[in-house]
Each structure stands twice: as structure tokens, then as C-alpha cells.
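Just so it is clear, the values below take in all heavy atoms, side chains as well, and ignore hydrogens, waters and symmetry mates. Remember, it's 1-based here, ligands and their atoms both numbered in the order they're listed.
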Amino acid sequence: MRVLSGMRPTGKLHVGNLVGALESWVKLQNDNNESFFFVADWHMLTTGYQDTSNLRENTLTLVREFLACGIDPQKSTIFIQSHVKEHAELYLLLSMIVPLGRLERIPTYKEQLNEIRRRDISTFGFLGYPVLQAADILIYNADGVPVGEDQAFHLELTREIARKFNSLYSKVFKEPKTLLSKVPKLLGTDGRKMSKSYGNVINIDTNEEKLRSMIMPMMTDPARKRRTDPGTPEKCNVWAYHKAFETPQEKLDEIHEGCSTAKIGCVDCKRILIESMKKRLSPIWEKIEYFKTHQKFVKDVVLDGDKRARIAARETMEKVENAINLVR
Ligand code: TRP
Ligand code: SF4
């Protein structure tokens with residue numbers, strides 16, 4: 001299978017991105033799928049065009065974090081969207097066949113227009129966001145796209161665009177499958193949706209001290225008001241983190257039993273969680289540091305990825321131009 005996915009460079013990755021997205025990307029890569037992973041820097045501009053002061057740094061940070069989390073440039077093509085201009089070419093051609101009303105009716109579009117009040121996103125670019133995403137996907141003829149649930153509407157549109165193009169001109173595109181992640185979404189440390197603006201996220205690039213300061217005050221099962229009150233792990237966000245960070249089974253059994261009989265306290269339980277998270281994250285911390293001091297390596301990864309991506313993209317664009325009867 002050919003798989004592809006992208007992420008916007010909006011700042012550091014958090015543990016939700018790691019468990020919800022990157023771990024599944026790495027798995028797809030290691031299952032011998034032909035994999036393309038990219039930094040969607042143009043997409044970041046659709047909402048963030050007013051302040052691009054961190055864009056360059058965030059883009060490079062994201063590449064380093066991809067690598068640190070296990071995306072392997074020997075196995076996957078890692079590239080930057082804006083380096084493969086063919087995405088813009090296909091975006092333009094696709095824009096001809098997408099009805100305006102179809103874009104305006106996408107639920108996430110309306111939602112975001114209402115939600116993002118600080119920035120003016122009633123722009124052409126933001127309306128076109130899902131068309132650009134469709135171009136990202138169709139230009140590689142991807143079979144599968146690993147994304148979160150919030151992207152399902154965009155994938156649906158992508159398939160519609162593929163169908164319409166194929167029936168108007170000739171069959172150039174495959175209809176890509178949505179590969180939804182099986183792990184449940186990790187909530188923020190306060191039990192609400194993970195969001196930078198709530199201050200409830202743990203970045204993957206953190207350290208032991210910061211980890212402790214985020215985990216220790218975490219909300220637990222509300223039934224455990226006192227140390228002697230028994231609890232139900234399934235009602236506790238700390239438990240969800242234990243699962244996500246693969247606390248060993250025998251420890252999980254111990255916690256489950258200890259929590260429901262009030263044998264262990266939440267403080268002990270959280271200490272164990274910190275250990276599990278440290279175990280998972282510290283190799284990532286080391287790699288992030290490594291790539292910070294080996295910028296040439298990171299640059300070469302991207303140059304090579306850009307080149308490979310461009311070859312695949314050009315191949316599709318030739319078919320597209322032929323199908324539309326553009327003179328080549
Ligand atoms: N819209 C995606 C997100 O916000 C990012 C993205 C851009 C993407 N282009 C893509 C994801 C193509 C998958 C495929 O997460
Ligand atoms: Fe949650 Fe652990 Fe406390 Fe049980 S012991 S309520 S699982 S933090």
C-alpha cells in the first residue's frame with residue numbers, strides 16, 4: 001500500500017500527536033508500506049498567515065520530531081509541502097471542479113470560522129484548505145491516509161474530487177481510504193480536549209521535571225476524594241495515560257487492584273506513570289538533541305525526500321495534464 005500523511009507545523013508535538021498519529025505512521029512504515037510523510041507548511045498559512053515568525057523554526061522542529069519519533073528516512077519519504085510545487089499546480093486544477101457550496105458546507109469549516117475569532121480566516125485560502133489537502137493526497141495516488149477523526153470530512157471530499165475528475169476527464173486518481181487510528185484520543189491533563197490554549201498538553205520535547213509538574217496535579221477518578229476511597233481506573237484519565245504509555249501488564253494489574261481496593265494512592269499511581277512516560281520519551285529526547293546538533297543530516301533528509309516526492313508528483317501531473325488536454 002502507498003500511504004501518506006501530513007502535519008501542520010504549529011509548534012512542538014505533544015504526547016497526543018505521538019500516541020494518536022506518529023506511532024501509527026511508524027507502524028505503517030515498518031509494515032513495509034510505501035510511506036510519504038510531510039510538513040504541511042502551506043496549510044499552516046491558511047490559518048496562521050498573520051504571524052509567520054516561527055514558521056521556519058517550527059517546520060524544522062517538526063522534521064526533527066518526525067525523525068526522533070521513529071520515521072526512518074531509509075524507509076519513508078520525508079518532505080516539506082512547499083518544496084514540491086506540484087501540489088500547488090494540482091490544487092489550482094482541482095479548484096476548477098470543486099463547487100463553492102460544497103466547501104462551505106464542510107462541518108469543520110463552519111466550526112472553525114466560528115471558533116477562531118482572534119484571526120480573520122474568512123479568506124479564499126482557508127476555504128480552499130481541503131482542496132489543497134486533496135491535492136496533497138491525490139498527487140501521490142495514496143491508497144491510505146492515516147489521520148484523526150477530525151480529518152474524515154476532508155478525506156470524503158478528496159474521494160469525491162477524485163471521482164469527479166475521473167468521470168470528467170479520464171481515470172487518473174485512486175480513491176484513498178481513511179485509516180483511522182485505533183487508539184482512543186488522549187485527553188489533556190485536566191480531562192478536557194488536548195489544546196495548547198488550555199495549558200493541558202505535555203509536549204514530547206519535555207523533561208522529567210516538567211513531566212512531574214504536569215502529571216502530579218492530574219485529575220483522577222472523582223470518587224477518590226480521600227486516600228481511603230476506592231476508585232475505578234476506567235473512570236480515570238491517569239489510567240488512560242498508563243495504557244497509552246504501555247505501563248507493563250503486571251504493574252497495570254497491581255494498579256487496577258490497588259485502586260479499586262484503595263490499597264494504593266493516586267500519588268503512587270502517578271509515580272509509576274511518570275516512569276512509564278520517561279521510558280517511552282527519553283529516547284526521543286535524546287534523538288531530538290542529536291538532530292539539533294546534526295542539522296546537516298536533517299537538511300539532507302529533506303532534500304532527498306523532496307526529490308523523491310517530486311518524482312512521484314510529476315508522474316501524476318503528466319497524467320493530469322494529458323487528461324485535461326493541456327499542451328505539454
Ligand atoms: N489537515 C491535516 C491536519 O490538520 C494536515 C494535512 C494536510 C494532511 N495535508 C494532508 C493530512 C494530507 C493527511 C493528508 O491534521
Ligand atoms: Fe486514577 Fe491511579 Fe488514582 Fe486509580 S489510583 S484513581 S487509576 S490515579
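- Using modelled atom types and a 3.5 Å distance limit, the side chains of Ser82 and Asp41 yield a donor-acceptor pair.
- Cation-pi geometry between Arg64 and Phe291 is not satisfied (NZ or CZ under 6.0 Å from the ring centre, within 45° of the ring normal).
- Counting heavy atoms only, Tyr129 comes closest to atom 1 (N) of ligand 1 of the residues Phe38, Tyr129, Tyr140.
- A side-chain N or O of Thr178 and one of Arg159 form a donor-acceptor pair less than 3.5 Å apart.
- With 3.5 Å as the limit, one finds a donor-acceptor pair spanning the side chains of Ser76 and Gln29.
- The closest protein non-hydrogen atom to atom 8 (C) of ligand 1 is Gln133 NE2, 3.6 Å.
- The atoms of ligand 1 that sit less than 4.0 Å from any heavy atom of Ile137 are 12 (C), 14 (C).
- Ring-plane geometry between Phe38 and His87 is classed as perpendicular, the angle between the planes exceeding 60 degrees on a 0 to 90 degree scale with a lower cut at 30.
- Atom NZ of Lys292 has more than 12 neighbouring heavy atoms from other residues, nucleotides or ligands inside a 6.0 Å radius.
- Remark: the His14 side chain and the Asn203 side chain contain no N/O donor-acceptor pair separated by less than 3.5 Å.
- Ring orientation note: the planes of Tyr129 and His43 are tilted relative to one another, at an angle of 30° to 60°.
- Taking a cut-off of under 4.0 Å to the non-hydrogen atoms of Ser5, the atoms of ligand 1 that pass are 11 (C), 13 (C).
- Atom 7 (C) of ligand 1 has as its closest protein heavy atom His43 ND1, 3.2 Å.
- Counting atoms of ligand 1 from 1 in the listed order, those under 4.0 Å from a heavy atom of Val145 are 13 (C), 14 (C).
- Protein N/O/S atoms nearer than 2.8 Å to atom 1 (Fe) of ligand 2 total 1.
- With 3.5 Å as the limit, one finds a donor-acceptor pair spanning the side chains of Ser53 and Asp51.
- Scanning the protein heavy atoms around atom 6 (C) of ligand 1, the nearest turns out to be Gly6 O, 3.8 Å.
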